[in-house]
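Below is one structure, written out as structure tokens; comments come after it.
All values below were derived from every heavy atom in this structure, side-chain atoms included, with hydrogens, water molecules and symmetry-related copies excluded. Residue numbers count from 1 along this sequence.
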Amino acid sequence: MKKVLALVLALSMAFTLVACGGSSSSSTSDSSASGATTSDSTTDSDTTTLNINLASEPDYLDPALNSSVDGGCLAVNSFEGLMTYSSDGELVEGCAESYTVSDDGLVYTFTLREGLKWSNGEDLDASDFEYSWRRAADVSTAADYQYLYEILADCQYDESGSFTGLGESSVVASEDGTTLTVTLTSVCPYFLDLCAFPAFFPVYEETVEENDPDGTNPGAWAQDAGDSFVCNGAYVLSSWNHDSDMTYVKNEYYRDADSITIETLNFMLSSDDTAIYAAYQSGDLDFIDTIPTDELTGLLENDDPELYIADNLGTYYVGFNYNSDLWDELGLSEDDAAVFRHALCLLVDRQYIVDNIGKTGQELATTFIPAAASDGNGGTFKNTDYYSVDDYDANVEEAKALLESIGFEFDDSGMLTTDVSFTYLTNNSDGNVKIAEAIQADLATVGINMSIDQEEWNVFLETRKAGNFDVAREGWIMDYNDPINMLEMWTTDSGNNDCQFGRDDTKSLDWDVYDDLITEIRNTSDLEARAELMHEAEDMLMETWCVLPLYYYNDPYMMKSNCDGLVTNLFGMKYFQYMTKTAE
């Protein structure tokens, strides 16, 4: 989703844009514990309530508008798509009872389960999905993930070629509401995964429209608890004290409500890692998704059984605004600015960051798309390294040579003779700030002055999206296991295009070529040729050097010993509905 959403905490799961997603590959917490010794933390004996910290104040609860992993986790516990994930972590039917696929792989027909209800007791049927998909794809909704719907046939475009919404035949509910027919423009290996992704969840038309009469605030219906918040998943929002806490309660109208033993989810909304960890140790929290850097070493050394490290598919990286005034201020042409960014990429000591800040065995990134990602054709996508991470000293010398090639000079002590200064933007969580400080120290060794600006999570997301930054902390957890997910986010019209490619007509960058390449990938049924096209797209992205990959994510979290049954997947989602809790 989604994710990433959006992007991650350095010591927890990613926050992005959503990346938020879904796939058939998953792991469950009861098989991924890091140790087997006794924990010193206190447990809570209320067996029907889970006390949780995922992050601070969520940006959006509307599944169509969310593009962060924390928001995605809230969405998968309060909404359900045509597909979902089982207690075994497998992709299975959700609201759909079954589906069929045409011989050419282009037409999916979903038969919905009988008796589906919204949390207010009203009937839910295929027409709700048709409405919701059309709304999410409509340009007026301004969903960051609008572009995901371009895989559907009969899409609509304006005179400039920008995607504006779905045509009549893209998605069609039967008159009796029992089936939903979806037509694709080409074979899509990950389409069923999308059907379990928040951007494809249904929303309740009546309250959505009532709370946005003039069409200026499409997410208004989900900005508070109350009658307007209607969902169809396992839990429904019952209270929300902004910037403090949220409570979700079991949705008695959920199709599988009888199997749910956890009746209440209490969420502590905070980005203070120290306060979160203290609440966990005292027994006030059962689950936390962020761990202070200073505590990780001891937890790992003691093989603490309440520390888990789940696999993820995602990349932590630094993003540069292609259209920033910084490049002009430094006297750099567009080509020279790319060389400058390449040099910065080489100056970062990734091994130090992983060993001293990440600490959970993250793999150093030499590509933007994660090394373990599938190629969509039965193989692994990665086939190249864009730079080496084997010899940091050699990388520093190469970086200096690159800087000299574009006119910079160094004095006898190896420091730049001219002032080079800029600001790095990050959200204010412990791990992300420490990573910023590590980069700051690396650049200072050659005389580059990088200051650090911290913002609250929601403000940070909007600042990046608006392009009001020079350099920023970024992260993306894949929404589904296909490289297109990490490539189509950079199209000119994408709501996740933080680097602002193609959005300044005064630049010589012809990003229409990239946009056309993504369109070709979406419309290519030859999966081998499609994989090659995706390599071309990643090459184009990396040639700008606007993304500086640091490491491939994993997902450390802590969960009490009296809790069991958490389902996680490669995309950072946490499904609490399958959990049980004893009075231990």
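- Within the 4.5 Å cutoff, the side chain of Pro549 has heavy atoms near those of the Met542 side chain.
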Original post:
Between Tyr322 and Trp511, is a side chain to side chain contact (heavy atoms under 4.5 Å, CB included) present by the stated rule, with each step listed?
Top reply: CA-CA 11 Å; Tyr322 189 90; Trp511 207 242; over 6 Å; no

**OP:** Decide salt bridge (charged side-chain N to carboxylate O under 4.0 Å, His left out) for Lys400 and Glu404; before the verdict, give the C-alpha distance in whole Å, the side-chain angles of both, and the deciding distance to 0.1 Å.
**Re:** CA-CA 6 Å; Lys400 289 181 177 179; Glu404 288 176 332; over 6 Å; no

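- Side-chain contact of Thr506 with Asp504: a donor-acceptor pair under 3.5 Å is present, judged by distance alone.
- Within a 6.0 Å sphere centred on CD of Glu528, heavy atoms belonging to other residues, nucleotides or ligands number 12 at most.
- A centroid separation of less than 6.0 Å is found between the aromatic rings of Trp133 and Phe200.
- For Tyr387 and His342, the gap between ring centers reaches or exceeds 6.0 Å.
- Ring-centre distance between Trp221 and Phe229: below the 6.0 Å cut-off.
- The two residues Arg135 and Thr141 have their closest heavy-atom pair at O-OG1, 2.5 Å.
- Within a 6.0 Å radius of CD in Glu329, more than 12 heavy atoms belonging to other residues, nucleotides or ligands are found.
- Thr492 and Arg503 make their closest contact through O-NE, 2.8 Å (heavy atoms, listed as atom of the first residue, atom of the second, distance).
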Original post:
Where do Tyr147 and Asn496 land on the side-chain hydrogen bond (donor to acceptor under 3.5 Å, both in side chains) test, with the steps shown first?
Top reply: CA-CA 10 Å; Tyr147 59 83; Asn496 294 318; 3.0 Å; yes

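- Looking only at side-chain heavy atoms (C-beta outward), Asn481 and Asp193 stay at 4.5 Å or farther from each other.
- Taken from CZ in Phe501 to CG in Asp512, the straight-line distance is 14.0 Å, to the nearest 0.5 Å.
- More than 12 heavy atoms of other residues, nucleotides or ligands sit less than 6.0 Å from atom CG of Asp214.
- With respect to the salt-bridge test (charged N to carboxylate O, under 4.0 angstrom), the residues Arg522 and Glu150 qualify.
- Between Met534 and Ile484, the shortest heavy-atom distance links the atoms SD-N, 3.5 Å.
- A distance of 9.5 Å separates CG in Leu425 from CD in Gln454, rounded to the nearest 0.5 Å.
- No side-chain donor from either of Asn485 and Tyr190 sits under 3.5 Å from a side-chain acceptor of the other.
- No side-chain heavy atom of Tyr424 sits less than 4.5 Å from a side-chain heavy atom of Asp470.
- Considering all non-hydrogen atoms of both residues, Trp490 and Asn497 come closest at CE3-OD1, 3.5 Å.
- Checking each of Thr367, Asn312, Thr315 against Tyr552 for a side chain to side chain donor-acceptor pair (under 3.5 Å) leaves exactly one that passes, namely Thr367.
- Taking the six-membered ring for Trp and the full ring otherwise, the centers of Phe201 and Phe129 sit at least 6.0 Å from each other.
- Side chains of Thr519 and Asp516: no donor on one and acceptor on the other come within 3.5 Å.
- Separation of atoms CG (Leu550) and CD1 (Ile357) is listed at 9.5 Å; rounding is to 0.5 Å.
- A salt bridge does not link Asp336 to Arg341: none of the charged side-chain nitrogens sits closer than 4.0 Å to a carboxylate oxygen.
- In summary, the aromatic rings of Tyr480 and Phe571 are positioned with their centroids too far apart to meet the 6.0 Å limit.
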**OP:** Walk me through it: do Lys465 and Asp144 pass the test salt bridge (charged side-chain N to carboxylate O under 4.0 Å, His left out)?
**Re:** CA-CA 10 Å; Lys465 186 184 299 186; Asp144 287 348; 3.0 Å; yes

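- The nearest pair of heavy atoms linking Tyr392 to Leu346 is CE1-O, 3.8 Å.
- Nearest approach of His535 to Asn383, heavy atoms of both residues: CE1-OD1, 3.2 Å.
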Original post:
salt bridge (charged side-chain N to carboxylate O under 4.0 Å, His left out) between Lys434 and Asp430: does it pass, once the steps are laid out?
Top reply: CA-CA 6 Å; Lys434 288 185 176 179; Asp430 176 61; 3.6 Å; yes

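- Side-chain atoms of Ser451 and Thr423 include a donor-acceptor pair closer than 3.5 Å.
- Remark: Tyr352 OH is loosely packed, at most 12 non-hydrogen atoms of other residues, nucleotides or ligands lying under 6.0 Å away.
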